[in-house]
Amino acid sequence: LGPDLDAVVDVTSWKRPPEFDVVAQASGAEPDELFRTLNMGVGMIAIVRPDEVETVTRQIQTAGCHAFECGALTSGEGIVRLEGA
């Protein structure tokens with residue numbers, strides 16, 4: 001990310017598959033650790049310019065994959081921040 005950008009991810013922007021809840025309960029791991037270790041139902045995140053979000057989302061969906069906006073880059077300290085966790 002670089003030392004002056006944070007990735008802010010809205011974890012309520014997708015439905016987490018139930019198997020991740022089973023792993024969470026069985027492991028006792030904290031939500032931050034689960035998100036750091038597992039994909040939590042998101043296969044890949046593409047970072048695109050704000051003016052290209054709609055075009056890129058449409059292209060991914062046209063290719064037969066599910067795509068959605070889940071966050072943004074903001075000024076910060078080079079960390080990933082989870083919102084809604």
Side-chain angles (χ1 to χ4, degrees):
L1 290 174
D4 58 348
L5 285 177
D6 285 359
V8 180
V9 179
D10 176 6
V11 301
T12 65
S13 63
W14 73 93
K15 182 171 172 50
R16 184 171 61 216
E19 51 267 23
F20 291 103
D21 295 329
V22 172
V23 171
Q25 186 175 19
S27 70
E30 295 294 320
D32 284 350
E33 180 64 22
L34 292 168
F35 277 93
R36 194 172 26 257
T37 306
L38 306 172
N39 70 12
M40 301 303 281
V42 176
M44 177 180 16
I45 293 179
I47 299 172
V48 301
R49 293 191 331 234
D51 63 328
E52 294 181 345
V53 170
E54 188 175 320
T55 300
V56 171
T57 300
R58 188 173 39 253
Q59 289 172 338
I60 292 169
Q61 290 172 337
T62 299
C65 296
H66 180 65
F68 55 93
E69 189 172 350
C70 68
L73 297 180
T74 63
S75 296
E77 304 169 357
I79 61 173
V80 176
R81 295 193 332 246
L82 303 175
E83 292 188 346

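Note that this is a predicted model, so its numbers are computed, not measured.
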Neighbour count >12 (heavy atoms, 6.0 Å) for atom CD, E19: yes
L5 CG to E77 CD distance, which is reported to the nearest 0.5 Å: 11.5 Å
D4 side chain to G76 backbone, donor-acceptor under 3.5 Å: no
Test side chain to side chain contact (heavy atoms under 4.5 Å, CB included) applied to T57 and F68, step by step: CA-CA 7 Å; T57 300; F68 55 93; over 6 Å; no
Single-linkage hydrophobic cluster V80~I45, side-chain heavy atoms < 4.5 angstrom: yes
Atom pair CZ (R49) and OG1 (T55), whose distance is rounded to the nearest 0.5 Å: 10.0 Å
Distance in Å, T12 OG1 paired with K15 NZ, rounded so as to fall on 0.5 Å steps: 13.0 Å
Intermediate values then yes/no, side chain to side chain contact (heavy atoms under 4.5 Å, CB included), I47 and L73: CA-CA 8 Å; I47 299 172; L73 297 180; 3.6 Å; yes
Heavy-atom pair of closest approach, residues F20 and G41: CE1-N, 3.3 Å
M40: which of L34, L82, V23 passes side chain to side chain contact (heavy atoms under 4.5 Å, CB included): L34
Distance in Å, E54 CD paired with E69 CD, rounded so as to fall on 0.5 Å steps: 10.5 Å
Test side chain to side chain contact (heavy atoms under 4.5 Å, CB included) applied to E83 and V8, step by step: CA-CA 7 Å; E83 292 188 346; V8 180; 3.3 Å; yes
ILVMFWY cluster, L38 and W14 together (side-chain gap under 4.5 Å): yes
Heavy-atom closest pair, residues R81 and S75: NH1-O, 4.5 Å
For the student: nearest non-hydrogen atoms of A67 and I60, plus distance: CB-CG2, 3.6 Å
Check: R16 and F35 side chains under 4.5 Å, non-hydrogen atoms: yes
Inter-residue atom distance Q59.CD - C65.SG, 0.5 Å rounding: 12.5 Å
